[in-house]
Amino acid sequence: MRAIIADILRELGFETAEAGDGEAALAALRAAPADLVVLDYHLPGMSGADIARAVRAEPAWNAVRVLMITTEVDPARVREALDAGAQEYLMKPFTADHVRDKLALLGLRAP
């Protein structure tokens, strides 16, 4: 799924970096600033909500947009992700058009 999302983002004109778990994602963000973090709720080691909280806790990352893309439909989990700092939430399955629409809502357009 990570590769599919990265492919969609590249097709839309964005540069991407991928991480296999939460710690790797935070390390990648520390190494190279990003405009957007795309998370799944269910990740090894840390939940997507945990990562969103970590992003929001770091003042240097205030401008980073967080998009949660997941199969999680439990309203409590959706609310947790949004309360943790995800600004948009996209349920699987999705299309490239859905991703583009969510990016537009976040104020992101392809360069």
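Count residues from 1 along the sequence.
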Please round to the nearest 0.5 Å and tell me the distance separating atom CZ of Phe94 and atom OG1 of Thr71. 11.0 Å

Distance (rounded to the nearest 0.5 Å) between Leu36 CG and Leu108 CG: 5.5 Å

Same cluster (ILVMFWY, side-chain, under 4.5 Å), Val37 and Leu106: no

Starting at CZ of Arg100, measure out to CZ of Arg109 and round the result to the nearest 0.5 Å. 10.5 Å

Under the side chain to side chain contact (heavy atoms under 4.5 Å, CB included) criterion, do Leu103 and Leu9 qualify, and how do the steps go? CA-CA 10 Å; Leu103 295 177; Leu9 291 170; 3.7 Å; yes

Any heavy-atom pair between the side chains of Pro75 and Val78 that's under 4.5 Å? no

Go through the steps for Val66 and Arg56 under the test side chain to side chain contact (heavy atoms under 4.5 Å, CB included), then give the verdict. CA-CA 9 Å; Val66 178; Arg56 293 295 165 237; 3.2 Å; yes

Could you pull out the closest heavy-atom pair between Ala81 and Met68, with the gap in Å? CB-CE, 3.6 Å

Closest contact, heavy atoms only, His98 versus Leu90: CB-CD1, 3.9 Å

If only side-chain N and O atoms count, and only distance matters, is there a donor-acceptor pair under 3.5 Å linking Tyr41 with Glu80? yes

Evaluation steps, side chain to side chain contact (heavy atoms under 4.5 Å, CB included), between Trp61 and Leu26: CA-CA 11 Å; Trp61 298 338; Leu26 293 173; 4.0 Å; yes

Interatomic distance, Ile51 atom CD1 to Met46 atom CE [nearest 0.5 angstrom]: 5.5 Å

Any side-chain heavy atom of Asp35 within less than 4.5 Å of one from Arg65? yes

Looking at Arg10 and Ala3, what are the two nearest heavy atoms and their distance? NH2-O, 4.5 Å

As a test of understanding, state which of Val38, Ile4, Ile5, Leu12 forms a side chain to side chain contact (heavy atoms under 4.5 Å, CB included) with Val99. Leu12

Decide yes or no for Asp40 and Thr70: does some side-chain heavy atom of the first lie under 4.5 Å from some side-chain heavy atom of the second? yes

Under a 4.5 Å side-chain heavy-atom rule over Ile, Leu, Val, Met, Phe, Trp and Tyr, are Leu39 and Met1 clustered together? no

First locate atom CZ of Arg77, then atom CG of Leu82, and finally report the distance between them rounded to the nearest 0.5 Å. 13.5 Å

Heavy-atom pair with the smallest gap, counting every atom of Arg2 and Ala19: CD-O, 3.2 Å

For Ala24 and Asp21, which heavy atoms make the closest approach, and how far apart are they? N-OD1, 2.8 Å

